[in-house]
Participant: 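Dropping a structure here in structure tokens format, bear with me for questions.
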Amino acid sequence: MESYDFKEIEKKWIPRYEDFDGYKGVDFENDREKFYMLIEFPYPSGSGLHVGHAFSMTAADVYARFQRMRGKNVMFPMGWDAFGLPTENYAIKSGRNPQEITKEVTDTFRMQMKRLGFSFDWDREIDSTSPEYYKWTQWIFTKLFEKGLAEKKEMSINWCPKDKIGLANEEVIDGKCERCGTEAEKRTISQWVVKITDYADRLINGLYDTEFIEKVKAAQINWIGKKEGVKIDFEIENSIHRIQCFTKFPETIFGVTWIAIAPEHPLVEEIAAVRNTETRNDDEGHSDTVTQEILKYLDETKKKSEFERTSGVSEKTGIFTGVYAINPVNGKRVPIWIGDYVVANFGTGAVMGVAAHDKRDYMFAEKYGLEIVQVEVPENDPKYVIDAYEKVIEDGLMVNSGKFNGMKAREEAFRAVSNWMVGNEWATKKVEYHLRDWIFSRQHYWGEPIPMVYCENCARDEIGGTTQSHSTTVSQNAGWYPVPATDLPVVLPDVEKYLPTDTGESPLANIKEWVETTCPKCGGKARRETDTMPNWAGSDWYFLRYCDPHSIDVLAEQKKMEYWLPVDVYVGGDEHNTLHLLYSRFIYQFLWDLGAVPKNIPEPYKKRISHGVILGPDGNRMSKSKGNVIVPDEFMEKYGADALRTYLMFMGPFDATMAWNERSLIGVKRFIDKLHNYVCTKIGGQTQGSDSREYSGSTRPTVKILVNKLVRMAETDMANFKFNTVIAKLMETLNNLTREETEISREDLGSLIKVLAPFAPFVAEELWEKIGGSFCIHSTPWPVVDEKYLVDEKVKVTVAINGKMRAVIVVAAGIKETELISLAKQEEKIVKYLNGGKILKTIYVKDRMLNFVMKV
RNA sequence: GCCGGGAUGGUGGAAUGGUAUACACGCAGGUCUUAAAAACCUGUGGGAGCGAUCCCUUGAGGGUUCGAGCCCCUCUCCCGGCACCA
């Protein structure tokens with residue numbers, strides 16, 4: 001078969017797509033319904049557009065083109081999330097400046113995207129590294145500060161010694177830096193921290209207003225990790241201090257047999273002191289030994305890395321302090337232990353030990369011979385005694401729990417016990433979250449400068465009036481002032497060296513004339529913040545900027561956002577579920593509170609869809625070291641952009657993980673060749689009519705039936721991102737049409753091409769022109785289905801005996817049941833089975849199946 | 001451990017509770033060719049049979065149903081997310 005000349009076709013149509021108005025979203029248009037199609041904007045890396053980009057962007061493009069043909073006013077924008085470490089590292093290595101590098105790579109990306117036929121609205125292109133853009137990223141930060149959501153804190157953070165950068169919790173995977181795999185260290189530096197935790201509840205509740213796919217919602221809810229429970233104060237014997245424990249299971253309070261505190265717990269010293277006074281009274285020598293042992297233990301735990309301690313691989317260890325606490329519900333004395341399984345910065349840094357009903361507690365109790373008090377038994381086995389940690393009782397009854405005995409665990413007892421406890425001064429209801437505050441400082445050059453200024457004089461004045469808090473992390477906001485909006489953006493200055501400093505300061509710290517500035521408050525001498533923002537900052541709000549990309553006075557005009565928002569479909573990767581997607585929802589909610597975004601739109605994204613992953617031909621994740629990386633350009637060159645796009649969509653379900661297979665791509669190329677030839681042959685000699693009257697003979701030409709069924713199927717599946725089945729149906733239809741060898745009207749040829757058009761825009765454009773259509777096919781309406789061709793005149797009815805298929809008979813559609821039964825009873829194959837048996841029941845599903853239920 | 005999603009031919013995958021294996025790849029045979037490639041045609045889940053035909057088959061085992069790949073229960077394994085989180 002002849003191969004069509006895709007190179008010629010692409011060469012012809014790419015220039016015509018440049019600045020083509022049909023691909024532009026029109027602000028405020030009322031005739032058409034708006035549709036905001038968003039795909040995550042890429043980080044433009046030096047290696048060019050990846051096949052993963054090509055895959056997800058093609059899907060978004062197919063969807064955008066489809067929606068346009070369905071008559072929507074589609075906004076489908078693209079931009080660059082260009083701040084980030086790889087560019088900075090490349091700049092360090094090559095000695096070139098990141099601005100220049102960024103321009104180069106974005107040019108490459110843009111060109112590749114155009115070659116792939118993506119119908120982006122290039123008028124709305126944005127670049128997160130342009131001062132016009134990051135002016136507003138900075139503005140948002142100043143607002144966060146003004147509203148008390150940004151704080152400068154001396155904090156222990158994850159630190160990557162190789163990248164020389166602070167990492168957010170989310171950027172540490174298995175104790176290692178997400179980017180380079182180096183073991184993360186702990187460092188204490190002064191950092192800007194954004195209190196995303198203040199929005200934890202809203203971030204959960206807001207999800208109920210969205211149509212995100214289940215796994216995305218689950219991932220976010222899980223990450224936020226809301227836990228409702230009770231905070232209980234335990235008195236320490238011979239001390240005025242109390243240990244606070246948080247528990248999700250307050251109903252197990254009668255089962256507490258020890259308290260464990262983290263080695264870093266602020267009361268460790270106090271407890272050691274209690275121990276000393278106690279023992280000095282009776283046995284001095286012994287006291288020293290115990291204290292020595294505790295100190296030794298603390299020393300050992302400190303040597304363990306955070307990863308070792310929290311990965312769950314190491315065995316839990318602990319040491320008895322020699323001091324006791326009092327369980328307030330029953331006055332029971334329980335030993336206080338120091339345990340390395342207790343996480344200092346979660347909850348209160350102290351936990352109550354309930355060995356009978358917690359796996360980890362059980363193991364700890366067994367190891368150190370601690371008492372085990374069971375407070376729950378299974379409902380049907382009240383004598384049951386827990387003998388292994390696996391046996392955790394889910395639905396049971398309370399025992400050994402005073403007046404709560406016999407209550408149902410866990411809901412009833414949970415409510416009763418916690419309500420009773422919080423009636424006392426030693427217990428309060430408390431909600432804990434897994435979500436942590438967002439560390440917002442990076443000690444790097446290639447990012448948005450944090451627009452803050454520190455004035456020592458003003459700081460002194462401020463501190464005079466405030467009291468110090470006892471929190472482990474102390475806010476140091478005193479003396480810090482946001483750069484006024486009129487002075488934004490704080491432009492990233494040129495530097496000579498992009499290399500971060502070992503002291504943990506960004507290279508900006510070395511530029512004296514930039515750092516030194518005046519205090520926005522007193523006008524005196526002050527210093528700029530030299531840290532920059534994390535790479536998430538620019539992507540938090542980019543989808544708002546697309547609504548009004550050239551705005552100067554505001555981040556985007558309210559009216560324009562009101563028109564376009566919310567984003568109708570947002571395509572992205574699962575790796576961003578708890579990062580970008582959560583951060584940007586938070587920032588949107590914050591801007592909503594500020595009144596900077598439309599009041600009637602509380603959530604920015606209506607629907608979120610996850611794209612799948614393309615593996616290398618060997619079935620492994622693509623990586624340079626494995627040598628299995630697929631570069632889209634190579635295959636565009638060999639088979640054309642249309643074939644590549646169509647193949648990507650044909651590979652499998654949109655959210656699946658699929659291995660690259662060039663043979664399959666060739667198969668798709670063959671199909672496009674076939675379709676191209678089919679259309680060319682059909683329009684070859686004669687001029688075809690434009691409607692069904694042209695078909696001679698039948699009032700129900702097979703061609704009409706095939707085409708209408710195709711269109712109906714395509715429009716339903718396209719809407720649900722089921723592109724692989726649409727292409728399969730298109731292939732099937734073409735196979736059937738070729739077999740038919742009949743005439744086909746221009747209208748029906750047109751419908752065929754239109755179904756292909758979103759997938760293979762260039763060849764579709766060419767064929768559309770060939771059959772006499774005018775530019776551009778993607779601006780023409782989607783074919784209208786003529787329902788009468790969807791209804792079959794004759795149907796195949798399955799005849800079954802006891803649900804087992806025995807025959808298929810062809811009858812007129814809508815046949816009466818009685819008529820069908822008598823026809824079926826005459827069928828040879830059926831007669832055989834009916835003979836001698838008795839029909840107990842007959843089940844008839846209209847036009848589909850008839851089932852005789854017989855006595856066996 | 002918790003949460004989310006899976007398991008269908010040699011492979012990627014189709015199947016509103018109603019003919020399982022669409023579509024494609026691969027493979028086999030054929031046409032064309034001196035030959036090969038490409039292209040095209042035919043066949044292709046497993047088993048029994050010369051054959052018509054019959055039996056079996058959607059990770060395993062139960063259940064609901066006239067009828068289950070699909071719904072329910074139990075289990076195994078795989079992928080993704082979270083996790084000494086109290």
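The figures that follow rest on heavy atoms only: side chains count, while hydrogens, waters and symmetry mates do not. The structure displayed is predicted, hence computed values, not measured ones. By convention in this document, chain letters (A, B, ...) are assigned in the order of the sequence lines, proteins followed by strands, and residues within each chain are numbered from 1.
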Participant: Could you check B:G9 for me: syn (within 90° of 0) or anti?
Facilitator: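 Classified syn.
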Participant: Any side-chain N or O of A:Arg806 under 4.0 Å from OP1/OP2 of B:U19?
Facilitator: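 Answer is no, no contact under 4.0 Å.
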Participant: Does A:Lys215 have any salt bridge (Lys or Arg N to Asp or Glu O under 4.0 Å) partners at least two apart in sequence or in another chain, and if so, which?
Facilitator: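 For A:Lys215 the salt bridge (Lys or Arg N to Asp or Glu O under 4.0 Å) partners, ignoring immediate neighbours, are A:Asp574.
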Participant: Let me have RNA chain B in dot-bracket notation, would you? Count Watson-Crick plus G-U wobble pairs, both distances under 3.5 Å, and use [ ] for pairs crossing earlier ones and | for inter-strand partners.
Facilitator: (((((((..(((.....[....)))((((((.......))))))((((....))))..(((((..]....))))))))))))....
Participant: Using a cut-off of under 3.5 Å, enumerate the N/O to N/O pairs linking the protein to nucleotides 14-18 of chain B.
Facilitator:
residue, atom, partner, partner atom, Å
B:A14, OP1, A:Asn724, ND2, 3.1
B:A15, OP1, A:Lys722, NZ, 2.9
B:U16, O4, A:Arg848, NH1, 3.2

Participant: Can the ring centroids of A:Tyr368 and A:Trp258 be said to lie less than 6.0 angstrom from one another?
Facilitator: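 Not close enough - the centres of the two rings lie 6.0 Å or further apart.
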Participant: Show me the pairs that pass salt bridge (Lys or Arg N to Asp or Glu O under 4.0 Å) and involve residues 244-253 of chain A, at least two apart or across chains.
Facilitator: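 Listed by first then second residue: A:Glu251-A:Arg410.
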Participant: Only counting residues at least two apart or in another chain, list the ones meeting ring-ring contact (aromatic ring centres under 6.0 Å, His included) with A:Tyr433.
Facilitator: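 A:Tyr433 satisfies ring-ring contact (aromatic ring centres under 6.0 Å, His included) with no other residue.
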Participant: Which is true for A:Asn577 with a 4.0 Å heavy-atom rule: it touches a base, it touches only sugar-phosphate, or it touches nothing?
Facilitator: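 Nothing, no nucleic acid heavy atom in range.
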Participant: Going by atom type alone, with no hydrogens or angles, which donor-acceptor pairs under 3.5 Å involve a side-chain atom of residues 653-662 of chain A and a protein atom two or more places apart or on another chain?
Facilitator:
residue, atom, partner, partner atom, Å
A:Asn661, OD1, A:Arg663, N, 2.9
A:Glu662, OE2, A:Lys638, NZ, 2.8
A:Glu662, OE2, A:Tyr639, OH, 2.6

Participant: Give me the ring orientation class for A:His611 and A:Phe55: parallel if the planes are under 30° apart, tilted from 30 to 60°, perpendicular past 60°.
Facilitator: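 Ring orientation of A:His611 relative to A:Phe55: perpendicular.
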Participant: Distances for protein N/O vs nucleotides 76-81 of chain B N/O pairs under 3.5 angstrom?
Facilitator:
residue, atom, partner, partner atom, Å
B:G81, N2, A:Asn222, ND2, 3.0

Participant: Looking at residues at least two apart in the chain, or sitting in another chain, which of them share a side-chain contact (heavy atoms from CB on, under 4.5 Å) with A:Phe6?
Facilitator: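 Testing A:Phe6 for side-chain contact (heavy atoms from CB on, under 4.5 Å), a comparison that skips the adjacent residues, returns A:Tyr4, A:Glu10, A:Lys669.
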Participant: Dump the pairs, protein N or O against N or O of nucleotides 25-29 of chain B, anything under 3.5 Å, distances to one decimal.
Facilitator:
residue, atom, partner, partner atom, Å
B:C25, OP1, A:Arg670, NE, 3.3
B:C25, OP1, A:Arg670, NH2, 2.6
B:G26, OP1, A:Arg663, NE, 2.4
B:G26, OP1, A:Arg663, NH2, 2.4

Participant: Rounded to the nearest Å, what distance is computed from the CG atom of residue A:Leu706 to the C1' atom of nucleotide B:A22?
Facilitator: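 Roughly 15 Å, once rounded to whole Å.
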Participant: With a 3.5 Å cut-off and just heavy-atom distances, do the side chain of A:Lys841 and the base of B:C66 make a donor-acceptor pair?
Facilitator: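 There is none.
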Participant: Strictly by salt bridge (Lys or Arg N to Asp or Glu O under 4.0 Å), give each pair with a member in residues 707-716 of chain A just once, sequence neighbours left out.
Facilitator: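 Pairs touching residues 707-716 of chain A that pass the test: A:Arg70-A:Glu715, A:Lys709-A:Asp792, A:Arg712-A:Glu715, A:Arg712-A:Glu787.
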Participant: List every contact pair, protein side and nucleotides 69-72 of chain B side both N or O, where the distance is under 3.5 Å.
Facilitator:
none

Participant: Pairs under 3.5 angstrom only: tabulate donor-acceptor contacts from the side chains of residues 843-852 of chain A to other protein residues two or more places apart or in another chain.
Facilitator:
residue, atom, partner, partner atom, Å
A:Tyr844, OH, A:Ile815, O, 3.4
A:Tyr844, OH, A:Asp847, N, 3.2
A:Asp847, OD1, A:Gly814, N, 3.0
A:Asp847, OD2, A:Gly814, N, 3.2
A:Asn851, OD1, A:Asn802, N, 3.3
A:Asn851, OD1, A:Gly803, N, 2.8

